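Inspection log for the structure reproduced underneath, given as structure tokens.
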There are 2 protein chains.
Amino acid sequence: MNTDAAGTGTIAPMDSSNTRRDATRRKLFEAAVTLIAEQGFSSTTVDEIAERAGVAKGTVYYNFASKNVLFEELLRHGIELLATSLQAAAEEVTERGGSQVDALDAMIRAGLDFISRYPALTQLYVAELWRTNRAWQSTLMVVRERAITVVEDVLREAVARDELSGEIDIPLTASALFGMVLVAALDWQSYQPDRSIDDVHAALSRLLQGRVSGRPS
Amino acid sequence: MNTDAAGTGTIAPMDSSNTRRDATRRKLFEAAVTLIAEQGFSSTTVDEIAERAGVAKGTVYYNFASKNVLFEELLRHGIELLATSLQAAAEEVTERGGSQVDALDAMIRAGLDFISRYPALTQLYVAELWRTNRAWQSTLMVVRERAITVVEDVLREAVARDELSGEIDIPLTASALFGMVLVAALDWQSYQPDRSIDDVHAALSRLLQGRVSGRPS
DNA sequence: CTCCTTGAACTGACTGGTCAGTTCAAAAAG
DNA sequence: CTTTTTGAACTGACCAGTCAGTTCAAGGAG
């Protein structure tokens, strides 16, 4: 019954690390995200999550109504981190008078930062995003929307300012750019983790700015 | 013991659709790929797979050593389809004297074709590719290698012919291109399935050829 | 053509184990 | 005091894998 576990008695601060309870919840999120990224949702047991978080199983159910709810809240919590960071990167550039293409570039950088900071979370989104018929599908659609919109907005503004051709397909280009960064970053993390983020960023920038098909000299 | 159930009395044809057994295996592949794409590996039961294939559970175990093995063979079977089709597309262009950039474009098209023909298979690869600590991880590395190499080869040849800048990072660019097509196509299938493949192809071509940042007129 | 034989292919009830979710009394924290 | 955590015991559903028994199709034999 009591889904409102956050204690609405006081105006809940949402994110800050005030109460003991919040600390526990954060430990559980962290434990769950790595385990689920590694093994998938179904093969991760609640006992495992509790153990990795250093907490009793009963505590999990004191803090979350179910395994499903824990996961959904995890998804929602994660996307805020990503969308906020992308938006901040874009706005920072725009406010300093940079071009929208520069803003895109800054978002690529922010995306890479995010993925290298939260690889498990990213892996988990990728695994779930295009899956159908799952309990948390609606949550995922919101999550996707939240992230893609940020990219689309910048593209739209770029077209408005004549920085990009008006013929580009905004939603599709946004997806493609998103995918480009996502897959390149995951491969980087998985197969060449030693490379610097600047290196990776430079390669993707080049691709974005169409300098790939330009002649060398 | 007897894994060699195909009857080695005659020189086994390997792939053709001769025997009753092959037909059964194909039905099982088809059933498994959709179910696993929808629900994930762990939450898909062998009973479900058997039922969807119109076959008894025992038959699954007569044809495959385990659920894991069924899945691994499915992965291997699928990647052959993809790699072959990408390679064919690239070679066809090259042999007709086209540029390597044209070959890349043809591969994008072939990739889109593949994804629209086998959406479930694609979804399944995406979900599993960057996961760690799974039983079939080594199979997946082979699978990934097989696909990425095709793209890298074309990029390398393009650099050799001076069509692309020698400064591009071949593995990373290959990943990025792969991701661009993958994510754009999955989004297309999931959220705008009505659009024509030509439409999607055109948008991605534009992105590849750097015409995005060119001015409209 | 019909009857038999043979081995491969298939069947589905059954088993042993696992796991999500529940409950609760008692302890710790604040 | 209240809120939160503990940890262990329990339940009921679910599921991978097994195996003794059945069906099928092809190739003689008469």
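Within every chain, numbering begins at 1; the chains are lettered A, B, ... in the order of the sequence lines, protein sequences first and strands thereafter. What you are looking at is a predicted structure, and each value in this text was computed from that prediction instead of being measured.
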Checklist entry - Are OP1 or OP2 of D:dT5 and a side-chain N or O of A:Thr24 less than 4.0 angstrom apart? => result yes
Checklist entry - Ignoring hydrogens and geometry, is there a side-chain-to-backbone donor-acceptor pair from B:Tyr118 to B:Leu82 under 3.5 Å? => result no
Next on the checklist: Under 4.0 Å, counting only non-hydrogen atoms across every strand here, what does B:Thr59 touch: a base, just sugar-phosphate, or nothing?
Outcome noted: base
Item to check | For DNA chain D, the residues among residues 29-42 of chain A that have a non-hydrogen atom under 4.0 Å from it | outcome: none
Next on the checklist: Rounded to whole Å, please give me the gap between CG in A:Leu28 and C1' in D:dT4.
Outcome noted: 13 Å
Checklist entry - Between C:dT11 atom P and B:Glu51 atom CD, what is the distance in whole Å? => result 13 Å
Checklist entry - Quick one: is C:dC10 close enough that its OP1 or OP2 comes under 4.0 Å of any side-chain N or O from B:Asn63? => result yes
Checklist entry - Can a salt bridge be assigned to the pair A:Arg195 and B:Asp169 using a cut-off of 4.0 Å between side-chain N and carboxylate O? => result yes
Next on the checklist: What's B:Ser43 touching, base or sugar-phosphate or nothing? Going by heavy atoms closer than 4.0 Å.
Outcome noted: nothing
Next on the checklist: Ring centroids only, cut at 6.0 angstrom: are B:Phe71 and B:Phe29 within range, meaning strictly under it?
Outcome noted: no
Next on the checklist: If I take atom CZ in residue B:Phe64 and atom C1' in nucleotide C:dC10, what distance separates them, rounded to the nearest angstrom?
Outcome noted: 14 Å
Item to check | pair B:Lys67-B:Val60: side-chain heavy atoms closer than 4.5 Å | outcome: no
Under 3.5 Å between N/O atoms: give me all the protein pairs with nucleotides 17-22 of chain D, atom names plus distance.
from	atom 1	to	atom 2	distance (Å)
D:dG17	OP2	B:Tyr61	OH	2.9
D:dG17	OP2	B:Lys67	N	3.2
D:dG17	N7	B:Lys57	NZ	3.1
D:dG17	O6	B:Lys57	NZ	2.9

Checklist entry - B:Tyr191 and A:Trp130: aromatic ring centres closer than 6.0 Å? => result no
Checklist entry - What is the distance from CZ of A:Arg25 to C1' of D:dT4, rounded to the nearest Å? => result 13 Å
Next on the checklist: Do B:Leu104 and B:Leu155 have side chains that approach each other closer than 4.5 Å (heavy atoms only, starting at C-beta)?
Outcome noted: yes
Item to check | Residues A:Arg109 and A:Asp198 bridged, charged N to O under 4.0 Å | outcome: yes
Checklist entry - Is any NZ, NE, NH1 or NH2 atom of the basic residue among A:Glu80 and A:Arg146 found under 4.0 Å from an Asp or Glu carboxylate oxygen of the other? => result yes
Report all interatomic pairs (protein N or O, nucleotide N or O of nucleotides 27-30 of chain C) with separations under 3.5 Å.
none

Checklist entry - Does some side-chain heavy atom of B:Arg25 sit less than 4.5 Å from a side-chain heavy atom of B:Glu73? => result yes
Next on the checklist: Between A:Arg52 and A:Glu48 (salt bridge meaning N to carboxylate O under 4.0 Å), is one present in this structure?
Outcome noted: no
Item to check | Residues B:Asp187 and A:Arg144 bridged, charged N to O under 4.0 Å | outcome: yes
Next on the checklist: So, does B:Tyr62 get its side chain near the phosphate of C:dC10, meaning an N or O under 4.0 Å from OP1 or OP2?
Outcome noted: no
